[in-house]
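In what follows, a single structure is set out as structure tokens and then discussed.
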Amino acid sequence: MAADIIQALNLLEHRNSAAWAANQRLDYTLLLRWCVANYGAIPKTFAIADIAEKCYYHLNLFPRWEAVEQSRRVLTSRQIEKGLRWDGVHTDYRGFEFHVIRRYIWRLRHRRVVAAEN
């Protein structure tokens, strides 16, 4: 049932954005209350975690959204941003964004493999 509500909200967002904007805060709040009451703030069930994650995001509760993402072992955009560092050669990343992010994610994965082997 909760998945049906999320699907309806997604459909409403794209087909009638004015109605979605007027009602989405209440809808996501009620859905999130149901998720937290039945499954906790960070649900263990994948489908419910996905619903809670969408609710947290649309309600601008970004720390909670990131906590759910991390519990599902998803690399968040904020973690990527925090991991990016100026390389000491270029004054900005313009044109290098893809390669910098790719290299950063490779390093993260490599560290996990090395840590798992030890």
Side-chain angles (χ1 to χ4, degrees):
M1 178 165 156
D4 295 336
I5 295 170
I6 286 291
Q7 186 176 7
L9 285 169
N10 288 339
L11 200 61
L12 186 63
E13 179 181 6
H14 296 291
R15 291 200 176 158
N16 189 350
S17 57
W20 176 82
N23 298 307
Q24 58 98 12
R25 186 146 188 89
L26 177 62
D27 294 337
Y28 285 117
T29 301
L30 293 173
L31 192 55
L32 180 61
R33 283 183 188 165
W34 175 83
C35 285
V36 170
N38 291 296
Y39 297 95
I42 301 177
K44 305 285 185 236
T45 309
F46 182 81
I48 302 299
D50 190 45
I51 291 167
E53 185 179 352
K54 287 179 178 148
C55 292
Y56 284 135
Y57 185 83
H58 285 291
L59 293 170
N60 299 326
L61 299 171
F62 299 118
R64 292 284 178 122
W65 169 71
E66 287 177 341
V68 174
E69 291 248 304
Q70 289 173 352
S71 75
R72 296 171 61 194
R73 298 191 176 168
V74 173
L75 188 62
T76 66
S77 54
R78 184 178 297 193
Q79 287 174 311
I80 292 172
E81 287 176 16
K82 286 180 179 178
L84 296 175
R85 299 288 181 257
W86 181 57
D87 61 3
V89 177
H90 300 94
T91 56
D92 63 21
Y93 282 111
R94 187 167 295 142
F96 298 104
E97 297 91 349
F98 176 77
H99 297 293
V100 169
I101 292 171
R102 188 169 148 200
R103 185 175 52 227
Y104 175 70
I105 291 173
W106 182 87
R107 280 190 216 138
L108 280 178
R109 288 183 180 159
H110 184 67
R111 271 191 231 141
R112 286 185 192 154
V113 170
V114 171
E117 290 174 355
N118 294 332

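These figures come from a predicted structure and were not determined experimentally.
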*Mind listing the closest non-hydrogen atom pair of Ala67 and Ile42 along with its distance?*
CB-CD1, 3.8 Å
*Quick one: closest heavy-atom pair of Ile51 and Cys35, and the distance?*
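That closest heavy-atom pairing would be CG2-SG, 3.6 Å.
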Atom pair [atom1] ([X]) and [atom2] ([Y]), whose distance is rounded to the nearest 0.5 Å:
{"X": "Tyr28", "Y": "Tyr56", "atom1": "OH", "atom2": "OH", "value": "15.0 Å"}
{"X": "Leu26", "Y": "Leu31", "atom1": "CG", "atom2": "CG", "value": "11.0 Å"}
{"X": "Cys55", "Y": "Asp50", "atom1": "SG", "atom2": "CG", "value": "10.0 Å"}
{"X": "Leu9", "Y": "His14", "atom1": "CG", "atom2": "NE2", "value": "11.0 Å"}

*In chain order, what residues pass the ring-ring contact (aromatic ring centres under 6.0 Å, His included) check against Tyr57, with sequence neighbours excluded?*
Phe62, Trp65
*Same cluster (ILVMFWY, side-chain, under 4.5 Å), Ile101 and Leu75*: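 Yes, Ile101 and Leu75 fall within the same hydrophobic cluster.
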*Could you list the residues that satisfy side chain to side chain donor-acceptor pair (under 3.5 Å) with Asn16, not counting sequence neighbours?*
none
_Test side-chain contact (heavy atoms from CB on, under 4.5 Å) applied to Thr29 - qualifying residues, sequence neighbours left out_ = Arg25, Arg33, Leu59
*Any chance you could lay out the side-chain contact (heavy atoms from CB on, under 4.5 Å) test for Ile5 and Leu30, step after step, and finish with the verdict?*
CA-CA 11 Å; Ile5 295 170; Leu30 293 173; over 6 Å; no
